[in-house]
Amino acid sequence: MATETKPTLEIRHAELSDVNGIIALSRRVYPEEVPYTRGQVSGQINAFREGTFVAIYDGEVVGYAASTMVRENRVMAPHTWDEISGGGYASQHNGTGDWLYGMEVMVHPERRRLRIGKRLYQARERLCVDLGLKGIAFGGRMPGFRKNRKTWAEPDAYLDAVRTGEIKDSTLNFQMRNGFEPVRALPGYAPDDLPSGGHAALMVWRNPYYDPDAGTQPITRANPDVVRVASVQLQARTLKSPEEFYETVDYFTNIAAEYGSDFVVFPEHFTLQLLSCEDEELPPERAIERTTEHTAHFVERLQAMALSRAINIVGGSHATQVEDGDIHNVCYVFLRDGTVHRQEKLHPTPDERESWNIKGGDSIDVIETDCGPIGVMICYDSEFPEAARRLADEGARILFVPYNTDTRHGHLRVRYCCQARAIENQCYVVTSGMVGNLDNVSNLDIQYAQSAIMTPCDFPFARDGIAAEASENVEMIIVADLNLATVQWARARGSVRNLRDRRFDLYRTRWKDGG
């Protein structure tokens with residue numbers, strides 16, 4: 001006799017596999033607002049996985065809560081949702097914070113009978129107690145403010161009326177019944193929340209188990225694992241057959257793997273060497289057609305290398321015609337679990353546009369790996385700070401920059417900008433360039449490079465902000481160990497805190513997808 005299986009409700013930490021479900025939930029809960037983007041939700045999970053919770057009912061995401069950690073002086077000071085949440089990415093998360101700050105709680109409107117909101121709040125409370133924090137805070141909606149503003153014109157006056165029981169506010173009263181107390185109004189907290197007049201109430205729950213003398217607050221709760229990276233400064237070669245190219249790539253991949261590297265990165269346009277085996281130099285249009293013919297085999301071979309060598313390969317870049325018929329400069333990333341990702345170059349150089357008719361890609365996002373999220377910026381992309389900032393906001397602590405420059409001037413443009421990106425975003429930046437000369441390939445004659453692995457500039461890092469550096473114009477491989485926990489320390493307690501000290505009240509970048 002068959003038994004009926006009832007749907008189950010599970011509250012657990014969010015995983016990256018839940019992102020689509022969380023976005024779908026945000027569309028359902030906030031039908032008149034722009035839903036969260038994939039980058040924002042990924043950023044929230046990557047910044048502080050312990051502070052994100054999902055409610056799963058019968059296999060569907062029906063509830064979500066996102067939190068971050070913040071210092072008390074910032075919690076109690078005037079602030080907006082954009083400022084405290086880093087534009088929704090949780091990039092302002094502070095590993096030394098003493099308050100848990102609730103960025104978001106949402107519940108499927110058809111599942112509220114399951115008391116999912118209450119369960120998510122309880123999960124937050126347990127986390128707050130486990131971490132020994134002072135309490136939980138968030139900006140609470142005041143949906144009754146607008147319709148009562150003739151009587152209480154200012155948000156503080158309205159909040160006082162709710163606090164004393166002179167007026168009822170469905171949301172604030174619900175929070176107060178759940179142990180939260182209103183501390184102050186937060187004017188301009190969420191301009192899009194029209195029923196609240198764009199304002200909010202700072203609501204706090206104080207941890208009854210907090211011991212101010214315990215002295216147990218850890219410096220950081222980030223993943224302390226060290227990631228070993230290798231950068232190949234590759235010599236351009238005139239080849240007799242494509243197989244020579246793959247033998248060279250496999251040689252350096254194997255070397256990096258034998259040194260225990262988690263990642264190996266190759267230069268931009270390194271696959272153009274495949275054109276050197278042609279009988280004659282191909283004109284640009286035919287050259288791109290020929291590289292496109294190599295694409296499937298290139299992906300297949302490097303995917304097999306990543307699997308067999310158990311290493312993640314950042315595959316330089318490959319000029320190819322993509323599905324829509326346009327030509328793009330694409331970095332394929334081959335993970336050691338066999339998955340393949342790709343990142344198109346956003347900003348083709350004037351020469352790439354004119355000589356190869358290369359178009360710019362339309363998106364940039366982190367790539368999830370077994371060492372955490374990483375970002376890829378191809379050469380010229382590194383000279384635009386917006387791209388690196390988005391990747392850092394989404395959780396990347398290592399950015400890989402394959403590049404190809406013909407002169408020292410071009411190399412230094414990439415080099416100086418990558419050093420700036422490492423400082424601005426308090427992250428590691430790994431560059432890989434090509435050297436030498438190459439005949440029989442149109443528009444790729446000479447190369448100049450001095451590849452490097454760069455760090456933020458602060459006490460725990462390399463003295464000059466350079467973890468490793470290749471010699472100029474010599475084929476070689478450089479290797480360095482990158483401590484991700486040190487990056488988290490710098491972002492929370494460094495001499496400067498560039499990523500966290502941005503002025504969201506003055507500026508921010510708005511991407512096409514709303515992130």
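Bear in mind that the values here come from a model prediction, so they are computed numbers and not experimental data.
Residues meeting the salt bridge (charged side-chain N to carboxylate O under 4.0 Å, His left out) test with Arg309, sequence neighbours left out: Asp250. For Asp337, the salt bridge (charged side-chain N to carboxylate O under 4.0 Å, His left out) test picks out no residue, with sequence neighbours left out. Listed by chain and number, the residues in a salt bridge (charged side-chain N to carboxylate O under 4.0 Å, His left out) with Arg503 are Asp505 (sequence neighbours excluded). Judged as a side-chain hydrogen bond (donor to acceptor under 3.5 Å, both in side chains), and not counting sequence neighbours, Tyr428 has no contacts. For Asp156, the salt bridge (charged side-chain N to carboxylate O under 4.0 Å, His left out) test picks out no residue, with sequence neighbours left out.
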Test side-chain hydrogen bond (donor to acceptor under 3.5 Å, both in side chains) applied to Tyr158 and Asp169, step by step: CA-CA 10 Å; Tyr158 177 79; Asp169 183 289; 2.5 Å; yes

Verdict with supporting geometry, Tyr380 and Arg413, side chain to side chain contact (heavy atoms under 4.5 Å, CB included): CA-CA 9 Å; Tyr380 196 28; Arg413 285 195 294 270; over 6 Å; no

Audit row: Asn312, Thr369, side-chain hydrogen bond (donor to acceptor under 3.5 Å, both in side chains) steps and yes/no: CA-CA 8 Å; Asn312 301 307; Thr369 76; 5.0 Å; no

Full working for side chain to side chain contact (heavy atoms under 4.5 Å, CB included) between Lys134 and Glu72: CA-CA 9 Å; Lys134 291 183 178 180; Glu72 183 171 77; 3.4 Å; yes

Step-by-step side-chain hydrogen bond (donor to acceptor under 3.5 Å, both in side chains) determination, Gln426 to Arg500: CA-CA 10 Å; Gln426 296 179 287; Arg500 204 175 75 220; over 6 Å; no

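Between the Asn46 side chain and the Glu394 main chain, a donor and an acceptor come within less than 3.5 Å of each other. Remark: the backbone N or O of Leu346 is paired with a side-chain donor or acceptor of Asp381 at under 3.5 angstrom. Judged purely by atom type and a 3.5 angstrom limit, Thr431 uses its side chain to pair as donor or acceptor with the backbone of Ala452. No donor-acceptor pair closer than 3.5 Å links the side chain of Arg336 to the backbone N or O of Ile311. The backbone N or O of Asn425 lies less than 3.5 Å from a partner atom in the side chain of Arg491, making a donor-acceptor pair.
No more than 12 heavy atoms of other residues, nucleotides or ligands shown are found within 6.0 angstrom of OH on Tyr209. Atom CZ of Phe174 has more than 12 heavy atoms from other residues, nucleotides or ligands within 6.0 Å. Atom CZ of Arg49 has more than 12 heavy atoms from other residues, nucleotides or ligands within 6.0 Å. Counting heavy-atom neighbours within 6.0 Å of Glu154 CD, excluding the residue itself, gives a total of 12 or less.
Residue Ser42 holds its OG atom at 7.0 Å from CD1 of Ile23, rounded to the nearest 0.5 Å. Atoms CD and OG, on Gln175 and Ser170 in that order, are 10.0 Å from each other to the nearest 0.5 Å. Here CD1 of Ile136 is found 7.5 Å from OG of Ser67. Values are rounded to the nearest 0.5 Å.
Side-chain contact between Ile167 and Asn148: present, with at least one pair of heavy atoms (C-beta onward) separated by less than 4.5 Å. Inter-residue side-chain proximity for Val29 and His108 is flagged as unmet; no heavy-atom pair is nearer than 4.5 Å. In this structure the side chain of Phe145 never reaches within 4.5 angstrom of the side chain of Leu159, judged on heavy atoms. Using a 4.5 Å cut-off on side-chain heavy atoms (C-beta onward), Glu10 and Tyr57 make no contact. In this structure, the side chains of Cys128 and Leu133 come closer than 4.5 Å at one or more pairs of heavy atoms.
Residues Thr96 and Asn94 have side chains that bring a donor and an acceptor to within less than 3.5 angstrom of each other. Judged purely by distance below 3.5 Å, without hydrogens or angles, the side chains of Asp18 and Tyr64 never pair a donor atom with an acceptor atom. A donor-acceptor pair shorter than 3.5 Å can be found between the side chains of Ser317 and Asn329.
A cation-pi contact, defined as under 6.0 Å to the ring centre and within 45° of the axis, links Arg390 to Trp511.
In summary, the aromatic rings of His79 and Tyr101 are positioned with their centroids under 6.0 Å apart. For an aromatic pair to be called close, the ring centres must be under 6.0 Å apart, and Tyr189 with His199 fails this.
Nearest approach of Arg111 to Ile116, heavy atoms of both residues: O-CD1, 3.6 Å. Nearest heavy atom pair, residue Pro373 against residue Gly395, reads CG-O, 3.2 Å. Shown here for Cys379 and Lys345, the closest heavy-atom pair between the two residues is CB-NZ, 3.9 Å.
Glu344 pairs with exactly one of Val322, Val376, Asp362, Ile378 by the side-chain contact (heavy atoms from CB on, under 4.5 Å) rule, that one being Val322. When each of Ile423, Val496, Ile466 is tested with Cys457 by the rule side-chain contact (heavy atoms from CB on, under 4.5 Å), just one qualifies, namely Ile423.
Residue pairs meeting the salt bridge (Lys or Arg N to Asp or Glu O under 4.0 Å) criterion with at least one member in residues 184-210, sequence neighbours excluded, are Arg141-Asp193, Glu181-Arg206.
Here Arg389 does not pair with Glu386 in a salt bridge; the nearest charged N to carboxylate O distance is not below 4.0 Å. Taking a cutoff of 4.0 Å between a charged side-chain nitrogen and a carboxylate oxygen, Arg38 and Asp365 do not qualify as a salt bridge. A salt bridge does not link Asp262 with Arg228: every distance from a Lys NZ or Arg NE/NH1/NH2 to an Asp or Glu carboxylate oxygen is 4.0 Å or more. Salt-bridge formation is detected for the pair Glu110/Arg28: a Lys NZ or Arg NE/NH1/NH2 atom is positioned less than 4.0 Å from an Asp or Glu carboxylate oxygen. The residues Glu104 and Arg124 are annotated as not salt-bridged, no charged nitrogen and carboxylate oxygen being separated by less than 4.0 angstrom. Using a cut-off of 4.0 Å between Lys/Arg side-chain N and Asp/Glu carboxylate O, Asp393 and Arg502 are scored as salt-bridged.
Classification of the Tyr121-Phe138 ring pair by plane angle, with boundaries at 30° and 60°, yields tilted. Ring geometry for His318 against Tyr332 counts as tilted: the plane angle lies between 30° and 60°, on a 0 to 90° scale.
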